[in-house]
Amino acid sequence: MYQTYKQQFADELQNIKDSGMWKDVGVIEGKQGAEINISGKSYLNFCANNYLGLAASDSLAKAAVEGLKKYGFGEASVRFIVGTSTIHRDLEHEIAKFFGTEDAITYTSCFDANTGLFETVLKEGDAVFSDELNHASIIDGIRLCKAERFRFKNSDMADLEAQLKEASSRPEKPENPSADVKYKPRRMLIATDGVFSMDGITAKVSQICDLAEKYGALVMVDDSHGSGVLGERGRGSVEGLMDRVDILTSTFGKALGGAGGGFAAGRREIIQVLHQRSRTTLFSNSLPPMIAAAALFVLKNFDKNFISLRKQLADNTTYFRSAMEKLGFALGGPPAGGAIHAITPVMLGEEKLAVDMAAKLFEEGIYVRGFTYPVVPKGKARIRVQISAAHTKEQMDKTVAAFEKVGKQMGIIK
Ligand SMILES: *Cc1c(COP(=O)(O)O)cnc(C)c1O
(Lines give C-alpha, C1' and ligand atoms only; values in the text may rest on other atoms or scores of the structure.)
Protein backbone atom coordinates (compact mmCIF):
# COMPACT_ATOMS: atom_id res chain seq x y z
CA MET A 1 0.00 0.00 0.00
CA TYR A 2 2.72 2.44 0.97
CA GLN A 3 4.13 2.48 -2.57
CA THR A 4 1.15 4.61 -3.66
CA TYR A 5 1.93 7.27 -1.09
CA LYS A 6 5.71 7.09 -1.09
CA GLN A 7 6.05 9.46 -4.05
CA GLN A 8 3.63 11.97 -2.46
CA PHE A 9 5.79 12.20 0.65
CA ALA A 10 8.97 12.34 -1.43
CA ASP A 11 7.50 15.22 -3.45
CA GLU A 12 6.58 17.05 -0.27
CA LEU A 13 10.15 16.71 1.00
CA GLN A 14 11.49 17.98 -2.32
CA ASN A 15 9.14 20.97 -2.11
CA ILE A 16 10.46 21.82 1.35
CA LYS A 17 14.03 21.69 -0.01
CA ASP A 18 13.19 23.71 -3.14
CA SER A 19 11.52 26.47 -1.12
CA GLY A 20 14.58 26.83 1.12
CA MET A 21 12.64 25.74 4.21
CA TRP A 22 14.57 22.52 4.86
CA LYS A 23 15.89 22.31 8.41
CA ASP A 24 19.24 20.68 8.90
CA VAL A 25 19.64 19.60 12.48
CA GLY A 26 22.92 20.15 14.29
CA VAL A 27 23.54 17.10 16.46
CA ILE A 28 25.17 18.10 19.75
CA GLU A 29 27.65 15.67 21.22
CA GLY A 30 27.52 15.97 25.00
CA LYS A 31 25.96 18.71 27.08
CA GLN A 32 24.09 21.86 26.08
CA GLY A 33 26.06 24.99 26.97
CA ALA A 34 27.84 28.13 25.81
CA GLU A 35 30.28 25.85 24.03
CA ILE A 36 29.03 22.73 22.27
CA ASN A 37 30.47 20.00 20.08
CA ILE A 38 29.00 19.18 16.69
CA SER A 39 30.64 16.51 14.50
CA GLY A 40 33.78 16.64 16.60
CA LYS A 41 34.19 20.39 16.30
CA SER A 42 33.64 22.99 19.01
CA TYR A 43 31.17 25.85 18.46
CA LEU A 44 30.03 28.84 20.46
CA ASN A 45 26.32 28.35 20.93
CA PHE A 46 24.15 31.42 20.49
CA CYS A 47 20.85 29.81 19.53
CA ALA A 48 19.57 27.99 22.62
CA ASN A 49 16.91 29.18 25.07
CA ASN A 50 19.39 28.37 27.83
CA TYR A 51 19.11 31.92 29.15
CA LEU A 52 20.46 31.32 32.64
CA GLY A 53 22.84 28.55 31.59
CA LEU A 54 21.09 25.98 33.78
CA ALA A 55 20.65 23.29 31.11
CA ALA A 56 23.89 21.53 32.05
CA SER A 57 23.96 22.67 35.68
CA ASP A 58 25.34 20.08 38.12
CA SER A 59 23.03 21.28 40.88
CA LEU A 60 19.95 20.71 38.70
CA ALA A 61 21.22 17.30 37.61
CA LYS A 62 21.74 16.43 41.28
CA ALA A 63 18.20 17.52 42.17
CA ALA A 64 16.87 15.45 39.26
CA VAL A 65 18.84 12.37 40.34
CA GLU A 66 17.52 12.74 43.90
CA GLY A 67 14.01 12.97 42.47
CA LEU A 68 14.66 9.89 40.37
CA LYS A 69 15.84 7.94 43.42
CA LYS A 70 13.00 9.05 45.64
CA TYR A 71 10.08 8.86 43.21
CA GLY A 72 11.35 6.43 40.60
CA PHE A 73 11.32 6.75 36.85
CA GLY A 74 7.70 7.77 36.46
CA GLU A 75 4.10 7.27 37.50
CA ALA A 76 3.05 5.09 34.58
CA SER A 77 -0.28 6.86 34.64
CA VAL A 78 -2.18 10.06 34.09
CA ARG A 79 -2.70 12.48 36.98
CA PHE A 80 -6.29 11.63 37.91
CA ILE A 81 -5.88 7.86 37.98
CA VAL A 82 -2.68 7.16 39.87
CA GLY A 83 -0.22 9.62 38.39
CA THR A 84 -0.10 12.38 41.01
CA SER A 85 2.65 12.25 43.60
CA THR A 86 3.81 14.57 46.35
CA ILE A 87 6.44 16.03 44.02
CA HIS A 88 3.69 17.24 41.66
CA ARG A 89 1.74 18.81 44.49
CA ASP A 90 4.89 20.38 45.95
CA LEU A 91 5.89 21.80 42.59
CA GLU A 92 2.41 23.23 41.99
CA HIS A 93 2.44 24.94 45.39
CA GLU A 94 5.87 26.36 44.63
CA ILE A 95 4.84 27.61 41.17
CA ALA A 96 1.85 29.41 42.74
CA LYS A 97 4.08 30.87 45.47
CA PHE A 98 6.80 31.91 43.03
CA PHE A 99 4.54 33.72 40.58
CA GLY A 100 2.02 34.91 43.16
CA THR A 101 -1.02 33.01 41.92
CA GLU A 102 -3.77 31.15 43.77
CA ASP A 103 -2.98 27.76 42.24
CA ALA A 104 -1.10 25.96 39.47
CA ILE A 105 -1.20 22.76 37.44
CA THR A 106 1.79 21.07 35.80
CA TYR A 107 1.89 19.61 32.29
CA THR A 108 4.64 17.71 30.49
CA SER A 109 5.26 20.81 28.36
CA CYS A 110 3.99 24.33 27.86
CA PHE A 111 2.76 23.16 24.46
CA ASP A 112 0.47 20.75 26.32
CA ALA A 113 -0.54 23.44 28.80
CA ASN A 114 -1.67 25.63 25.90
CA THR A 115 -3.37 22.97 23.82
CA GLY A 116 -5.21 21.80 26.94
CA LEU A 117 -6.30 25.28 27.96
CA PHE A 118 -8.55 26.97 25.44
CA GLU A 119 -11.09 24.24 24.71
CA THR A 120 -11.42 23.74 28.45
CA VAL A 121 -12.16 27.34 29.38
CA LEU A 122 -13.92 28.49 26.20
CA LYS A 123 -17.07 27.09 24.58
CA GLU A 124 -19.23 27.91 21.62
CA GLY A 125 -20.62 31.41 22.15
CA ASP A 126 -17.36 32.59 23.78
CA ALA A 127 -14.66 34.70 22.11
CA VAL A 128 -10.88 34.67 22.12
CA PHE A 129 -8.68 37.60 21.10
CA SER A 130 -5.25 36.43 20.02
CA ASP A 131 -2.13 38.41 19.11
CA GLU A 132 -1.11 37.67 15.51
CA LEU A 133 2.43 36.75 16.59
CA ASN A 134 1.38 34.24 19.25
CA HIS A 135 3.27 30.96 19.55
CA ALA A 136 2.18 27.92 17.53
CA SER A 137 0.93 26.17 20.70
CA ILE A 138 -1.52 29.02 21.40
CA ILE A 139 -2.67 28.97 17.79
CA ASP A 140 -3.19 25.19 17.91
CA GLY A 141 -4.88 25.40 21.30
CA ILE A 142 -7.31 28.00 19.97
CA ARG A 143 -8.00 25.86 16.89
CA LEU A 144 -9.26 23.12 19.19
CA CYS A 145 -11.91 25.30 20.82
CA LYS A 146 -15.24 26.39 19.40
CA ALA A 147 -15.02 30.00 20.54
CA GLU A 148 -15.19 32.80 17.97
CA ARG A 149 -11.68 33.91 17.01
CA PHE A 150 -10.42 37.45 16.80
CA ARG A 151 -6.83 38.16 15.76
CA PHE A 152 -5.30 41.51 16.62
CA LYS A 153 -2.16 43.10 15.13
CA ASN A 154 0.96 42.49 17.18
CA SER A 155 0.77 44.50 20.41
CA ASP A 156 -1.63 46.93 18.70
CA MET A 157 -3.86 48.11 21.52
CA ALA A 158 -6.11 50.18 19.25
CA ASP A 159 -6.79 47.13 17.08
CA LEU A 160 -7.45 44.96 20.14
CA GLU A 161 -9.78 47.57 21.61
CA ALA A 162 -11.74 47.92 18.36
CA GLN A 163 -12.37 44.17 18.33
CA LEU A 164 -13.28 44.00 22.03
CA LYS A 165 -15.66 46.91 21.48
CA GLU A 166 -17.30 45.25 18.48
CA ALA A 167 -17.86 41.97 20.30
CA SER A 168 -19.07 43.48 23.55
CA SER A 169 -21.47 45.97 21.97
CA ARG A 170 -23.50 43.21 20.29
CA PRO A 171 -26.98 42.35 21.58
CA GLU A 172 -27.30 39.93 24.50
CA LYS A 173 -28.16 36.42 23.45
CA PRO A 174 -31.93 35.93 23.91
CA GLU A 175 -33.84 32.77 24.88
CA ASN A 176 -34.49 32.00 21.22
CA PRO A 177 -31.41 33.14 19.35
CA SER A 178 -31.53 33.73 15.62
CA ALA A 179 -28.94 31.92 13.49
CA ASP A 180 -27.89 35.01 11.56
CA VAL A 181 -27.35 37.45 14.40
CA LYS A 182 -24.01 37.77 16.13
CA TYR A 183 -24.50 37.99 19.87
CA LYS A 184 -22.38 39.28 22.69
CA PRO A 185 -19.96 36.53 23.78
CA ARG A 186 -20.72 34.76 27.04
CA ARG A 187 -17.03 34.90 27.99
CA MET A 188 -14.09 36.74 26.45
CA LEU A 189 -10.39 35.93 26.76
CA ILE A 190 -7.36 37.86 25.51
CA ALA A 191 -4.34 35.63 24.81
CA THR A 192 -0.79 36.83 24.31
CA ASP A 193 2.81 35.70 24.43
CA GLY A 194 4.70 37.54 27.19
CA VAL A 195 7.71 37.82 24.88
CA PHE A 196 7.45 37.47 21.11
CA SER A 197 10.18 35.01 20.30
CA MET A 198 11.25 36.19 16.84
CA ASP A 199 11.66 39.79 17.94
CA GLY A 200 12.43 39.71 21.65
CA ILE A 201 9.67 42.26 22.18
CA THR A 202 7.64 42.18 25.40
CA ALA A 203 3.85 42.25 25.27
CA LYS A 204 2.05 45.28 26.68
CA VAL A 205 0.63 43.19 29.49
CA SER A 206 -0.44 46.11 31.69
CA GLN A 207 -2.33 47.82 28.84
CA ILE A 208 -3.92 44.51 27.86
CA CYS A 209 -5.16 44.18 31.45
CA ASP A 210 -6.60 47.71 31.28
CA LEU A 211 -8.58 46.81 28.16
CA ALA A 212 -9.64 43.50 29.67
CA GLU A 213 -11.08 45.32 32.67
CA LYS A 214 -12.79 47.91 30.49
CA TYR A 215 -14.53 45.31 28.31
CA GLY A 216 -14.90 42.44 30.78
CA ALA A 217 -12.40 39.94 29.37
CA LEU A 218 -10.03 37.44 30.97
CA VAL A 219 -6.28 37.67 30.31
CA MET A 220 -3.97 34.77 29.45
CA VAL A 221 -0.19 35.25 29.10
CA ASP A 222 2.22 32.57 27.88
CA ASP A 223 5.52 33.73 29.35
CA SER A 224 7.79 30.91 28.17
CA HIS A 225 10.56 33.28 27.07
CA GLY A 226 9.94 35.72 29.92
CA SER A 227 9.94 33.51 33.03
CA GLY A 228 13.29 33.72 34.81
CA VAL A 229 14.50 36.34 32.33
CA LEU A 230 12.45 39.53 32.69
CA GLY A 231 11.54 41.54 35.77
CA GLU A 232 13.72 42.53 38.72
CA ARG A 233 12.74 39.31 40.48
CA GLY A 234 12.79 37.15 37.36
CA ARG A 235 9.01 36.62 37.40
CA GLY A 236 8.86 37.61 33.75
CA SER A 237 6.73 40.00 31.73
CA VAL A 238 3.92 39.51 34.27
CA GLU A 239 6.00 40.58 37.26
CA GLY A 240 3.91 42.89 39.42
CA LEU A 241 0.82 42.19 37.31
CA MET A 242 -0.22 38.72 38.44
CA ASP A 243 -3.21 40.07 40.36
CA ARG A 244 -4.57 41.21 36.99
CA VAL A 245 -3.52 38.27 34.79
CA ASP A 246 -5.99 35.38 35.12
CA ILE A 247 -3.97 32.59 33.51
CA LEU A 248 -0.20 32.30 33.14
CA THR A 249 1.36 29.47 31.18
CA SER A 250 5.09 28.85 30.91
CA THR A 251 7.83 26.28 30.50
CA PHE A 252 10.67 24.74 32.48
CA GLY A 253 12.36 24.07 29.15
CA LYS A 254 13.99 27.49 28.77
CA ALA A 255 15.47 29.78 31.46
CA LEU A 256 14.01 27.80 34.37
CA GLY A 257 15.89 24.58 33.63
CA GLY A 258 16.12 23.48 30.04
CA ALA A 259 14.82 19.91 30.12
CA GLY A 260 11.10 20.43 29.81
CA GLY A 261 7.87 20.59 31.71
CA GLY A 262 5.21 23.26 31.66
CA PHE A 263 2.40 24.65 33.73
CA ALA A 264 -0.67 26.83 33.93
CA ALA A 265 -1.08 29.06 36.97
CA GLY A 266 -3.70 31.56 38.01
CA ARG A 267 -7.20 31.79 39.48
CA ARG A 268 -8.11 28.85 41.72
CA GLU A 269 -11.38 27.94 40.01
CA ILE A 270 -9.83 28.03 36.55
CA ILE A 271 -6.96 25.74 37.64
CA GLN A 272 -9.48 23.35 39.23
CA VAL A 273 -11.46 23.27 35.99
CA LEU A 274 -8.23 22.39 34.16
CA HIS A 275 -7.60 19.51 36.59
CA GLN A 276 -11.14 18.25 35.90
CA ARG A 277 -11.42 18.79 32.17
CA SER A 278 -8.15 19.61 30.39
CA ARG A 279 -7.52 16.81 27.90
CA THR A 280 -3.73 17.08 27.88
CA THR A 281 -3.69 16.27 31.60
CA LEU A 282 -6.59 13.79 31.59
CA PHE A 283 -5.19 11.68 28.76
CA SER A 284 -1.42 12.08 29.10
CA ASN A 285 1.09 10.90 31.68
CA SER A 286 2.14 13.22 34.48
CA LEU A 287 5.38 15.19 34.41
CA PRO A 288 8.33 12.81 35.05
CA PRO A 289 9.17 13.18 38.77
CA MET A 290 12.88 13.83 38.17
CA ILE A 291 11.99 16.81 35.97
CA ALA A 292 9.53 18.01 38.59
CA ALA A 293 12.21 17.69 41.28
CA ALA A 294 14.66 19.80 39.26
CA ALA A 295 11.98 22.40 38.53
CA LEU A 296 11.10 22.57 42.23
CA PHE A 297 14.79 23.01 43.04
CA VAL A 298 15.08 25.95 40.61
CA LEU A 299 12.03 27.77 41.97
CA LYS A 300 12.92 27.17 45.64
CA ASN A 301 16.47 28.46 45.16
CA PHE A 302 15.81 31.12 42.55
CA ASP A 303 15.85 34.18 44.79
CA LYS A 304 18.99 33.03 46.60
CA ASN A 305 21.10 31.32 43.94
CA PHE A 306 19.86 32.14 40.48
CA ILE A 307 18.78 35.78 40.59
CA SER A 308 22.39 36.88 39.99
CA LEU A 309 22.32 34.93 36.70
CA ARG A 310 19.39 37.04 35.59
CA LYS A 311 21.48 40.16 36.21
CA GLN A 312 24.43 38.57 34.37
CA LEU A 313 22.13 37.80 31.44
CA ALA A 314 20.92 41.40 31.26
CA ASP A 315 24.52 42.69 31.41
CA ASN A 316 25.62 40.25 28.70
CA THR A 317 22.73 41.25 26.47
CA THR A 318 23.51 44.96 26.84
CA TYR A 319 27.19 44.28 26.14
CA PHE A 320 26.47 42.24 23.00
CA ARG A 321 23.84 44.63 21.64
CA SER A 322 26.04 47.69 21.99
CA ALA A 323 29.03 45.98 20.33
CA MET A 324 26.87 44.90 17.40
CA GLU A 325 25.23 48.32 17.07
CA LYS A 326 28.63 49.95 17.07
CA LEU A 327 29.56 47.82 14.05
CA GLY A 328 26.48 49.08 12.23
CA PHE A 329 24.25 46.01 12.41
CA ALA A 330 20.52 46.68 12.52
CA LEU A 331 19.13 44.93 15.59
CA GLY A 332 15.49 44.16 16.13
CA GLY A 333 14.14 43.94 19.60
CA PRO A 334 12.77 46.31 22.15
CA PRO A 335 11.58 49.77 21.22
CA ALA A 336 13.09 52.63 23.22
CA GLY A 337 12.11 52.12 26.83
CA GLY A 338 10.99 48.51 26.34
CA ALA A 339 12.47 45.74 28.44
CA ILE A 340 15.67 44.35 26.93
CA HIS A 341 15.41 40.62 26.25
CA ALA A 342 18.22 38.17 25.53
CA ILE A 343 16.66 37.47 22.12
CA THR A 344 18.72 39.70 19.82
CA PRO A 345 17.60 39.59 16.19
CA VAL A 346 20.18 40.76 13.65
CA MET A 347 17.96 42.08 10.88
CA LEU A 348 19.13 41.21 7.37
CA GLY A 349 16.02 41.52 5.20
CA GLU A 350 16.64 39.15 2.33
CA GLU A 351 15.99 35.45 2.97
CA LYS A 352 19.16 34.27 1.27
CA LEU A 353 21.33 36.72 3.18
CA ALA A 354 20.20 35.30 6.52
CA VAL A 355 20.72 31.69 5.48
CA ASP A 356 24.15 32.36 3.89
CA MET A 357 25.35 34.45 6.79
CA ALA A 358 24.39 31.80 9.34
CA ALA A 359 26.29 29.21 7.26
CA LYS A 360 29.39 31.41 7.10
CA LEU A 361 29.26 32.08 10.84
CA PHE A 362 29.02 28.34 11.39
CA GLU A 363 32.28 27.95 9.45
CA GLU A 364 33.74 30.50 11.87
CA GLY A 365 32.69 28.32 14.81
CA ILE A 366 29.59 30.33 15.77
CA TYR A 367 26.30 28.49 15.99
CA VAL A 368 23.38 30.78 15.15
CA ARG A 369 20.24 30.29 13.07
CA GLY A 370 18.83 32.23 10.18
CA PHE A 371 15.06 32.70 10.31
CA THR A 372 13.16 33.24 7.09
CA TYR A 373 9.62 33.36 5.74
CA PRO A 374 7.15 31.95 6.82
CA VAL A 375 8.57 31.92 10.38
CA VAL A 376 9.07 35.69 10.03
CA PRO A 377 7.40 38.06 7.51
CA LYS A 378 8.74 38.14 3.93
CA GLY A 379 11.70 40.50 3.56
CA LYS A 380 12.34 40.49 7.31
CA ALA A 381 14.77 37.58 7.46
CA ARG A 382 17.16 37.66 10.36
CA ILE A 383 19.67 35.82 12.46
CA ARG A 384 18.29 35.38 15.95
CA VAL A 385 21.13 35.57 18.45
CA GLN A 386 20.22 34.36 21.92
CA ILE A 387 22.40 35.47 24.78
CA SER A 388 22.96 33.37 27.89
CA ALA A 389 24.28 34.17 31.34
CA ALA A 390 26.75 31.37 30.64
CA HIS A 391 28.46 33.33 27.83
CA THR A 392 31.76 34.88 28.83
CA LYS A 393 32.95 38.24 27.57
CA GLU A 394 35.58 36.45 25.46
CA GLN A 395 32.94 34.26 23.85
CA MET A 396 30.78 37.28 23.04
CA ASP A 397 33.80 39.17 21.68
CA LYS A 398 34.67 36.23 19.45
CA THR A 399 31.11 36.12 18.14
CA VAL A 400 31.02 39.86 17.49
CA ALA A 401 34.37 39.57 15.64
CA ALA A 402 32.97 36.75 13.49
CA PHE A 403 29.89 38.88 12.70
CA GLU A 404 32.20 41.74 11.74
CA LYS A 405 34.34 39.57 9.46
CA VAL A 406 31.42 37.87 7.71
CA GLY A 407 29.33 41.06 7.67
CA LYS A 408 32.09 42.93 5.83
CA GLN A 409 32.71 40.01 3.46
CA MET A 410 29.04 39.98 2.53
CA GLY A 411 28.74 43.78 2.32
CA ILE A 412 26.21 43.98 5.14
CA ILE A 413 28.31 46.43 7.14
CA LYS A 414 31.11 48.75 6.01
C1 LIG B 1 8.93 27.46 23.77
C2 LIG B 1 7.53 27.90 23.88
C3 LIG B 1 6.51 26.99 24.14
C4 LIG B 1 6.74 25.51 24.22
O5 LIG B 1 7.34 25.15 25.43
P6 LIG B 1 7.59 23.60 25.73
O7 LIG B 1 7.55 23.50 27.21
O8 LIG B 1 8.92 23.28 25.14
O9 LIG B 1 6.48 22.84 25.07
C10 LIG B 1 5.23 27.48 24.31
N11 LIG B 1 4.96 28.79 24.21
C12 LIG B 1 5.92 29.69 23.93
C13 LIG B 1 5.57 31.13 23.84
C14 LIG B 1 7.24 29.27 23.75
O15 LIG B 1 8.17 30.16 23.46
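Whatever order the structure lists them in is the order used to number ligands and atoms, beginning at 1. Starting from 1, each residue takes its place in the sequence as its number.
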Polar contact flag, side-chain donor to acceptor under 3.5 angstrom, D397-Y319: yes

Which atom of T249 lies closest to which atom of C110, heavy atoms considered: OG1-SG, 3.9 Å

Decide, yes or no, whether a salt bridge links [X] with [Y] under the criterion of side-chain N to carboxylate O below 4.0 Å.
X: E92; Y: R79; value: yes
X: K408; Y: E404; value: yes
X: K214; Y: E161; value: yes

Validation row, ring centre F129 to ring centre F152 under 6.0 Å: no

Close N/O pairs between ligand 1 and protein, under 3.5 Å:
residue: ligand 1; atom: 7 (O); partner: C110; partner atom: N; Å: 2.8
residue: ligand 1; atom: 7 (O); partner: T251; partner atom: OG1; Å: 2.6
residue: ligand 1; atom: 9 (O); partner: C110; partner atom: N; Å: 3.4
residue: ligand 1; atom: 9 (O); partner: F111; partner atom: N; Å: 3.0
residue: ligand 1; atom: 11 (N); partner: H135; partner atom: ND1; Å: 3.3
residue: ligand 1; atom: 11 (N); partner: D222; partner atom: OD2; Å: 2.5
residue: ligand 1; atom: 11 (N); partner: S224; partner atom: OG; Å: 3.4
residue: ligand 1; atom: 15 (O); partner: H225; partner atom: NE2; Å: 3.1
residue: ligand 1; atom: 15 (O); partner: K254; partner atom: NZ; Å: 2.6

